[in-house]
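Okay, so here's the structure we're looking at.
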Amino acid sequence: PSSIFSPMASSFSNYFKILLSILFFIIFFTSHSFSSSNYSLSNIVINSTSEFINHTAISEFRILNRRILSKCPDPNPYLSITTASNSSLSDESFVTVHVSGVLVPSKGDWVGMISPSYSDTSSCPFNALQYQQTGDLSELPLLCHYPVKAQYLSKDPGYLNCKKKECKKHVKGSCEVRTCSASLSFHVVNFRTDVEFVLFAGGFATPCILKRSNNNLTFTNPKQPLYGHLSGIDSTATSMRVTWVSGDKAPQQLQYGDGRSQTSQVSTFTQKDMCSSILKSPAKDFGWHDPGFIHTAVMTGLNPSTTNSYTYGSDSSGWSEKITFKTPPAGGTDEVRFLAYGDMGKAPRDPSAEHYIQPGSLSVVKAMVDEVSSGNVDSVFHIGDISYATGFLVEWDYFLHLITPIASRVSYMTAIGNHERDYIGTGSVYSTPDSGGECGVPYETYFQMPTQAKDKPWYSIEQGSVHFTVISTEHDWSQDSEQYEWMKNDMASVDRTRTPWLIFTGHRPMYSSVTGGILQSVDDDFVNAVEPLLLENKVDLALFGHVHNYERTCAVYQKECKALPTKDASGIDTYDNTNYSAPVHAVIGMAGFSLDQFPSQADEWSLVRKAEFGYVRVHATKNSLTIEYVNANTRKLEDNFQITKS
C-alpha cells in the first residue's frame, strides 16, 4: 500500500512545503505590519538576516514593486528631469540626473533607473500571489517591471532644505514662485538595453510617477564584447577557456599568443528557461532582463605558469582591449598560489538602493585586484553564492563587470551555491526559492566549469601540488547518489605522490558556530553522508562558504578534535599531517555579504572565529599548505596557519 500512495504523498509533500513557506511569510509580515503612509519598512523586516539567511533578500527597494503605481496628482508645470549625458552611453559611465522645478521637496521623492525604457511601469493589481514567495505580503501588488536601481533625491544634501533655488515666476520685479533642484549620479555599465530615468513621489513604499525623462539613453555599442573571464578546462594548464558577453549572436574570434585564433561558440537563455512554481519567480517575471549572448572559446597550445595575452570580438561588433593573463601551474608541479572565498556578490558604485547589496564586495575586489596585479596569484576559487542576482538578471552584468579585472587575468574557478541553484520543485536538495527562479541556468552559462554535464556542477582539477575536489551541496549528495559515487571515486583516485594535497570545496559547511536561525547553517544529513569520505580519503583542508564570516577548526571529525595545531618557530599554528588524523575545516564566506556575528560561546573544535570582510590566500608547495586570511580593508592578516607533511 505504501508504494501505491508514494507518488501522491510526494506530490502532497511538495505542495505542503509551498503552503508552509507562504504561511511562514504571512505570519512574519502580518505580525510586523507597517503603515502604507510611511516611506520606510519596519527595521524588523529590513534587518531580518537570520530569518532569511538562505533566501533572497528583503529590502525597502525590493518592496516598491508590490505597490499599485499611478501618476501623482501633481499639477506642477515647472517639474523637469534631465540627464547631463547625451543619448549615447559608453561601456561604463556615471550618469548625472538633474531634477528641477520642485515646489516642495519631500523625503519621499526618488528617481528610478528603468531598463529597457519601454518596460511596463504601470500597476499589476492581479499579480500579488506571484510575488509573495519573495517574502512580501503587502496588500497591494507591484510595479510590473523592476527598476535596475533607485536613489532618493535627499542623497543630494542640499535638496530637502532647498539650497539650489531657481525663480520660475516674477511679478512686478520680485520672485513669486521659487523651485528647488537636485542632482544624482548613477553608475551604469553596458547591459545592452536603453535606459530611462523616472521621477517618483511617495517613497519606495507608496510610489507614484511625477515625471519621466525627456530622452532615453542608449549604449554606443550594445553589441560590444565585454566581461571576459578565464577558467581551466583540465589539469594540464595548456588550455584556457575564455567566456564573454555580447549583444551579437554571430560567432566572434578569440585571438591570442602569436596570431592564433579560435571561433566562439554562442549560447544564451530565455525567460522560458527560468524556473517558477505556483507563485511566479522574479526570474520568470518582473526581474527578467535579456542576457544578450554568451560567447566561449578555448585557447590551446599554451604553456603552464606562463604570461600571455588575448583579445576577443569581431570587426562588426568591436574588440576587447588586449588583456595580459597568466596560466596556472600544471597539476603535479611543485607549487601553486591561489585566492579563495565565498558569498561575494556585488554592490553599487553610487549611492543607489538595489534589491540585494553585498557591502563588502567592493573592498574585497579592490584588494584582490592588487594581489593579481602583483603577479603572485595563479588562480581564484569562488565557492558559491556568486552574484546574488537571484532572479534579477541585469545584476549579472554588474557582477561580471566587477570581477573582470581579476577573472580576465587568472583562472576563475567556481562552485555552485544555493543562490544560484535552489528553487521549489526543481530537484535541488533544498526546496527554498533562493535562486529567485534562476535554477543554475545563468550560472552554468556564464561559468562553464569542467563538469560532466549540465546541472551536474561537480568537478575536480589539479594545479601545482593540489588536487581540488569541487562539489555541489545543492545537488543530491546522499549515499549511492551519482554525485556521492563521483566524490568517492574522485578522491580515491588521487595520486598523492603527484599532488600531495587534497582540498575539498563546496558551498554549505560541515562546521559552523552560527546556527542560522530557522534555517540551519549546517545540514546534519550532509555531514553524516559526506564527512566519512573526507576522513577515508585523507582530505587535508575543506573550504566552505554560506555562513558569512571566517571560522577555522582543529583537525576535526564528528565534532571531536583529533589533533590540535602547535606553534612553529614563527608562532604560526601548524598542523602536522605526516601522521594524518582528520581534515581541517575553514568557512570563508566573508567576501561580501553582510557579516554574521558569532555567539559568545563555541564548541571546542572551533579555534578561530572572525567577522571581517576578506578572502584567503593559499600557497601550496610539496611539503606545506600555508593559508592566510586577509582583511580586505586593512590588508592585514586576521589569521594564518599551515599544514605540513614531512
Side-chain angles (χ1 to χ4, degrees), residues 229-243 265 267 294 296 298-300 304 327-332 336 338-342 378-386 407 410-418 420-421 427-429 439-477 481-495 498-499 501-508 526 529-530 533-534 537 539-546 588 618 620:
H229 49 282
L230 297 162
S231 58
I233 67 168
D234 58 32
S235 300
T236 67
T238 57
S239 298
M240 292 286 286
R241 180 182 298 280
V242 183
T243 304
Q265 304 228 335
S267 62
I294 294 83
T296 185
V298 176
M299 296 181 284
T300 59
T327 53
V336 62
F338 65 92
L339 309 179
Y341 50 88
D378 297 314
S379 62
V380 169
F381 284 81
H382 185 164
I383 52 175
D385 286 4
I386 307 298
V410 295
S411 171
Y412 198 92
M413 308 303 291
T414 59
I416 200 167
N418 54 302
E420 286 74 59
R421 180 59 184 85
S428 56
V429 174
C439 296
V441 174
Y443 164 77
E444 287 196 295
T445 307
Y446 290 124
F447 293 95
Q448 300 183 30
M449 297 295 109
T451 59
Q452 297 177 333
K454 283 287 187 183
D455 206 28
K456 296 181 181 181
W458 49 86
Y459 65 94
S460 64
I461 196 165
E462 294 178 347
Q463 294 179 357
S465 54
V466 178
H467 180 100
F468 297 90
T469 297
V470 183
I471 73 154
S472 168
T473 56
E474 312 312 302
H475 291 74
D476 191 359
W477 30 251
S481 67
E482 181 180 1
Q483 183 177 201
Y484 180 90
E485 291 299 317
W486 175 86
M487 279 188 274
K488 183 170 69 172
N489 294 333
D490 177 74
M491 290 189 285
S493 67
V494 178
D495 182 353
R498 185 172 181 272
T499 50
W501 302 108
L502 175 54
I503 296 179
F504 182 92
T505 69
H507 183 58
R508 296 176 188 257
F526 170 59
V530 179
L533 291 180
L534 274 59
N537 292 284
V539 167
D540 298 288
L541 178 65
L543 297 174
F544 300 98
H546 193 61
I588 54 172
V618 183

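Bear in mind the structure is a predicted one, so any value in this text is a computation, not a measurement.
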> T499 and S465: side-chain contact (heavy atoms from CB on, under 4.5 Å), yes or no, with the steps?
Replying inline: CA-CA 4 Å; T499 50; S465 54; 5.7 Å; no

>> Please determine whether side-chain contact (heavy atoms from CB on, under 4.5 Å) holds for the pair M413 and V470, giving the CA-CA distance in whole Å, both sets of side-chain angles, and the decisive distance to 0.1 Å.
In response: CA-CA 10 Å; M413 308 303 291; V470 183; over 6 Å; no

>> For a side-chain contact (heavy atoms from CB on, under 4.5 Å) check, start with the C-alpha distance between I386 and T414, then their side-chain angles and the critical distance, and finish with the verdict.
In response: CA-CA 8 Å; I386 307 298; T414 59; 4.1 Å; yes

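Note that CD of E420 and CD of E474 are 8.5 Å apart. Values are rounded to the nearest 0.5 Å. We find the OG-CE distance between S460 and M487 to be 12.5 Å, quoted to the nearest 0.5 Å. The CD1 atom of I588 lies 10.0 Å from the CG atom of L339; values are rounded to the nearest 0.5 Å. Between atom CZ of residue F447 and atom NE2 of residue H382 there is a gap of 8.0 Å, rounded to the nearest 0.5 Å. Note that OG1 of T238 is 11.5 Å distant from CE of M299, once rounded to the nearest 0.5 Å.
Side-chain contact of H467 with D495: a donor-acceptor pair under 3.5 Å is absent, judged by distance alone. Judged by distance alone, the side chains of H507 and D385 do bring a donor and an acceptor atom under 3.5 Å apart.
Annotation for I383 and G545: closest pair CD1-N, 3.9 Å, computed over non-hydrogen atoms. Shortest non-hydrogen contact noted between P328 and A237 is O-CB, 3.2 Å. The two residues S239 and I233 come nearest to each other via the heavy atoms CB-CD1, 3.4 Å. Closest non-hydrogen pair, I416 versus S472, comes out as CG2-OG, 3.2 Å.
Residues V429 and T473 form no side-chain contact, since every pair of their non-hydrogen atoms from C-beta on lies 4.5 Å or further apart. Within the 4.5 Å cutoff, the side chain of F381 has heavy atoms near those of the Q463 side chain. Taking 4.5 Å as the limit, some side-chain heavy atom of L230 sits within range of a side-chain heavy atom of V242. Looking at T469 and W486, their side chains come closer than 4.5 Å, going by heavy atoms from C-beta outward. Annotation: side chain of W458 is in contact with side chain of E482 (closest heavy-atom distance under 4.5 Å). Between D455 and R421, the closest side-chain pair of non-hydrogen atoms falls below 4.5 Å. Counting heavy atoms from C-beta on, the side chains of M491 and F504 come closer than 4.5 Å. Side chains of E444 and P457 form a contact here, defined as non-hydrogen atoms less than 4.5 Å apart.
For the side chain to side chain contact (heavy atoms under 4.5 Å, CB included) criterion with Y459, the lone passing option out of T451, D490, I471 is T451. When each of I503, D378, V380 is checked for a side chain to side chain contact (heavy atoms under 4.5 Å, CB included) with F338, only I503 meets the rule. If you run side chain to side chain contact (heavy atoms under 4.5 Å, CB included) between S267 and each of T445, T296, T243, only T445 comes through.
Ring to ring, Y446 and H229 are not that close: their centroids are 6.0 angstrom or more apart.
Remark: the backbone N or O of D476 is paired with a side-chain donor or acceptor of S481 at under 3.5 angstrom.
At most 12 non-hydrogen atoms from other residues, nucleotides or ligands lie less than 6.0 angstrom from CD of Q265.
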